[in-house]
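Shown next, in structure tokens, is the structure this report addresses.
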Amino acid sequence: MKDFCYCLPTRFVFGRGAEQRAGAELSALGATRVLIHYGGGSAVRSGLIGRLEADLRAHGMEVFRLGGAMPNPRDDKVYEGIELVRREKIDFLLAVGGGSAIDSTKAIAHGACYDGDFWDFFCGKATVQKTMPFGVVLTTSAAGSESSNSSVIMQEKTKIKRGLGTEFNRPRIAFMNPELAMTVPKYQIASGATDILAHIMERYFTCETEVDLTDRLCEAAMQAVIRAARIAVKDPTNYDAQAQLMWGGTIAHNETLGVGRVGDFGSHQIEHELSALYDVAHGAGLAVVFPAWLRFQMTKPEHVMRIAQFANRVYGISMNFENPAETALRGIEAHESFLREIGMPLTLKELGARSEDIPALAAKTKRNPGTDVTGRAWPVNGAEIEAILRIADR
């Protein structure tokens with residue numbers, strides 16, 4: 001187990017009616033001029049934005065709106081937000097929605113405190129030194145951005161999608177009411193659950209030894225998310241299932257499950273190019289990429305036993321100690337069956353992706369600085385990335 005430093009500064013307000021405490025909580029944080037950043041019209045039509053505005057104003061705050069955050073959030077909305085923050089002298093940002101609105105809010109918060117182009121942070125030209133205070137009203141269980149140190153933005157003109165990891169990305173406060181996720185379309189619930197599982201799996205597939213504690217935590221979290229996803233996709237109004245998914249998404253990506261171990265995230269980098277080029281849901285793209293990534297990693301004997309452990313402990317596949325590869329393969333197949341059960345795609349064709357784009361997708365995939373490889377624990381080079389996409393091109 002590796003040494004680590006772990007600090008989680010986000011305050012969580014979780015449960016029924018959590019968002020009704022926004023006014024009091026933001027007032028205590030010193031907010032006076034608040035920008036609410038959200039996505040489509042559903043947050044307005046449901047009355048959520050109006051209720052939040054009324055609550056904030058009742059606590060003496062001036063409130064401004066910025067709608068239009070899109071899946072695979074774009075840089076143009078970030079630039080618009082930065083300009084609005086500066087013009088109106090905003091002192092607190094409140095994201096309302098899922099990962100897209102939250103990631104866009106994070107980029108606005110950093111960019112508003114920076115004299116250059118905020119994209120400098122995402123392309124590695126600069127590091128974040130200062131940010132604005134911001135919080136979250138979560139409506140979708142998926143990205144875990146409500147307390148993670150990550151943000152992902154797409155540059156519209158190039159269709160390049162890049163992530164930024166920094167402790168400045170962690171929100172000050174997150175309001176989490178599982179009831180708000182009940183109106184999310186079933187496909188989006190399934191896509192979110194897939195993203196949650198992928199975040200755990202990225203940490204689970206490691207080369208670290210003697211990490212049994214976090215192994216067991218990861219395995220239990222994956223099993224709980226799988227159970228809850230099956231229920232929520234069939235009955236989105238099931239509060240307990242939505243609550244499990246919402247908190248599962250949070251701990252999946254804020255390092256609660258990742259301390260003391262090196263994760264990978266190569267499959268995420270590969271998927272970013274799919275969602276950037278084809279504008280598919282991130283979770284749906286991961287449903288295609290992650291099993292293909294696992295099948296490719298099966299070709300490396302040193303990785304087979306951990307995949308077999310995943311199969312045994314998460315999906316209950318009996319361990320074949322004489323042939324652990326057989327157990328591992330059955331585990332991958334069980335995961336694919338689960339993804340199919342909740343309505344996720346498993347092939348590039350189902351995403352609308354084209355075989356002829358595979359070389360370009362592989363070439364554009366973000367590499368580790370100064371290398372030709374992607375991923376940390378089980379890294380893959382350019383040719384191997386293309387091989388993974390070929391496996392997905394079934």
Check: CD1/I307 to NE2/H335 distance, rounded to the nearest 0.5 angstrom?
Finding: 12.0 Å

Notebook entry, point to check: Under 3.5 Å, side chain of N72 to main-chain N/O of A276, donor-acceptor pair present?
Noted result: no

Next item on the list: Please test Q269 against T374 for side-chain hydrogen bond (donor to acceptor under 3.5 Å, both in side chains), starting from the C-alpha separation and ending with a verdict.
Entry: CA-CA 7 Å; Q269 299 301 337; T374 293; over 6 Å; no

Note to self: Could you report the tightest heavy-atom contact between S141 and Q242, atom names first, then the distance?
What the structure shows: OG-O, 4.2 Å

Margin query: Closer than 4.0 angstrom, basic N to acidic O: yes or no for R57 and E62?
Written below: no

Next item on the list: Only counting residues at least two apart or in another chain, list the ones meeting ring pair (Phe, Tyr, Trp, His ring centres under 6.0 Å) with F338.
Entry: none

Checklist line | Shortest non-hydrogen contact between I251 and T256, atoms and distance | finding: O-CB, 3.9 Å

Check: What pairs of residues pass the side-chain hydrogen bond (donor to acceptor under 3.5 Å, both in side chains) test when at least one of them lies in residues 34-48, not counting sequence neighbours?
Finding: H37-S104

Item checked: ILVMFWY network linking M182 to F175, side-chain heavy atoms under 4.5 angstrom -> no

Checklist line | Euclidean distance, E322 CD relative to T327 OG1, rounded to 0.5 Å | finding: 10.5 Å

Checklist line | N-O pairing of R216 and D212 below 4.0 Å | finding: yes

Check: Under 3.5 Å, is there a donor-acceptor pair between the Q309 and D215 side chains?
Finding: yes

Next item on the list: Starting from V262, walk the hydrophobic network (Ile, Leu, Val, Met, Phe, Trp, Tyr; side-chain heavy atoms closer than 4.5 Å) and list everyone else you reach, by chain and number.
Entry: none

Notebook entry, point to check: Does R340 have any salt bridge (Lys or Arg N to Asp or Glu O under 4.0 Å) partners at least two apart in sequence or in another chain, and if so, which?
Noted result: E350

Next item on the list: Output every pair passing salt bridge (Lys or Arg N to Asp or Glu O under 4.0 Å) with a member in residues 276-297, not counting sequence neighbours, ordered by first then second residue.
Entry: R74-D279, R295-E336

Item checked: Over all atoms of both residues, closest heavy-atom pair of S145 and G99 -> CB-CA, 4.3 Å

Check: Is there a donor-acceptor pair under 3.5 Å between the side chain of K77 and the backbone N or O of G67?
Finding: yes

Next item on the list: May I ask you to say whether K159 pairs ionically with E156, meaning some side-chain N is under 4.0 Å from a carboxylate O?
Entry: yes

Check: Regarding Q155 and D75, is there a side-chain donor-to-acceptor distance under 3.5 Å anywhere?
Finding: no

Notebook entry, point to check: Mind checking who shares a hydrophobic cluster with Y79, ILVMFWY linked at side-chain heavy-atom distances under 4.5 Å?
Noted result: L35, F64, L66, V78, I82, L84, V85, I90, L93, I108, Y114, F118, W119, F121, F122, V128, M132, F134, I153, I160, L164, F168

Checklist line | In one Ile/Leu/Val/Met/Phe/Trp/Tyr side-chain cluster, 4.5 Å: L286, I200 | finding: no

Note to self: Under 6.0 Å between ring centres: does that hold for F290 and W293?
What the structure shows: yes

Next item on the list: Give a yes or no on whether the backbone of V152 and the side-chain of D103 come within a donor-acceptor separation of less than 3.5 Å.
Entry: yes

Checklist line | Flag for T10-R170: side-chain donor and acceptor within less than 3.5 Å | finding: no

Checklist line | Distance (rounded to the nearest 0.5 Å) between E208 CD and T206 OG1 | finding: 5.0 Å

Notebook entry, point to check: Between Q188 and S191, do the side chains contain an N or O donor and an N or O acceptor separated by less than 3.5 Å?
Noted result: no

Note to self: Checking A101 now: which residues fulfil side chain to side chain contact (heavy atoms under 4.5 Å, CB included) with it, not counting sequence neighbours?
What the structure shows: A69

Notebook entry, point to check: Nearest 0.5 Å, what's the CG-CD distance between L94 and E19?
Noted result: 11.0 Å

Check: Quick check: does any side chain N or O of K106 sit under 3.5 Å from a backbone N or O of S150, one acting as donor and the other as acceptor?
Finding: yes

Next item on the list: State, without any angle test, whether H110 and N169 hold a side-chain donor-acceptor pair at a distance under 3.5 Å.
Entry: yes

Item checked: Donor-acceptor under 3.5 Å (D264 side chain, G375 main chain) -> no

Next item on the list: Check side chain to side chain contact (heavy atoms under 4.5 Å, CB included) between A224 and all other residues, then give those that pass, not counting sequence neighbours.
Entry: R227, Q244

Notebook entry, point to check: Under the side chain to side chain contact (heavy atoms under 4.5 Å, CB included) test, which residues partner N368, sequence neighbours left out?
Noted result: T371, V373

Checklist line | Side-chain ion pair, R367 and D372, N-O less than 4.0 Å | finding: yes

Notebook entry, point to check: Between the side chains of S355 and D393, is a donor N or O closer than 3.5 angstrom to an acceptor N or O?
Noted result: yes

Next item on the list: Each residue besides M319 in its hydrophobic cluster should be listed here, by chain and number; the cluster joins Ile, Leu, Val, Met, Phe, Trp and Tyr at side-chain heavy-atom distances under 4.5 Å.
Entry: M305, F321

Check: Side chains of Q297 and T299: is there a donor and an acceptor less than 3.5 Å apart?
Finding: no

Notebook entry, point to check: Going by the angle between their ring planes, with limits at 30° and 60°, are H303 and W378 parallel, tilted or perpendicular?
Noted result: parallel

Check: Under 6.0 Å between the ring centres of Y315 and F310?
Finding: yes

Margin query: Quick check against the 3.5 Å criterion: does H59 have a side-chain atom that pairs as donor or acceptor with the backbone of D55?
Written below: yes

Checklist line | Where at least one partner belongs to residues 109-127, residue pairs that pass salt bridge (Lys or Arg N to Asp or Glu O under 4.0 Å), sequence neighbours excluded | finding: none

Item checked: L29: side chain to side chain contact (heavy atoms under 4.5 Å, CB included) partners, not counting sequence neighbours -> F92, R172, I173

Note to self: Please report the interatomic distance CD1(I270) to NZ(K366), rounded to the nearest 0.5 Å.
What the structure shows: 14.0 Å

Margin query: Distance alone, cut at 3.5 Å: any donor-acceptor contact between the side chains of N254 and S148?
Written below: no

Check: Under 3.5 Å, side chain of E202 to main-chain N/O of H268, donor-acceptor pair present?
Finding: yes

Item checked: Side chains of T365 and E273, donor plus acceptor under 3.5 Å -> no

Next item on the list: Indicate yes or no: does E333 engage R330 in a salt bridge with an N to O separation below 4.0 Å.
Entry: no

Margin query: Ignoring hydrogens and geometry beyond distance, is a side-chain donor-acceptor pair present between S337 and E341 at under 3.5 Å?
Written below: no

Checklist line | Full working for side-chain hydrogen bond (donor to acceptor under 3.5 Å, both in side chains) between R394 and T347 | finding: CA-CA 6 Å; R394 297 181 264 176; T347 69; over 6 Å; no

Checklist line | NZ or CZ of R306 within 45° of Y204 ring axis and under 6.0 Å | finding: yes

Checklist line | Exceeds 12 heavy-atom contacts within 6.0 angstrom, atom NZ of K300 | finding: yes

Next item on the list: Mark yes or no for whether R203, through its side chain, and A252, through its backbone, hold a donor-acceptor pair below 3.5 Å.
Entry: yes

Notebook entry, point to check: Is E302 atom CD crowded by more than 12 heavy atoms from other residues, nucleotides or ligands, each under 6.0 Å away?
Noted result: yes

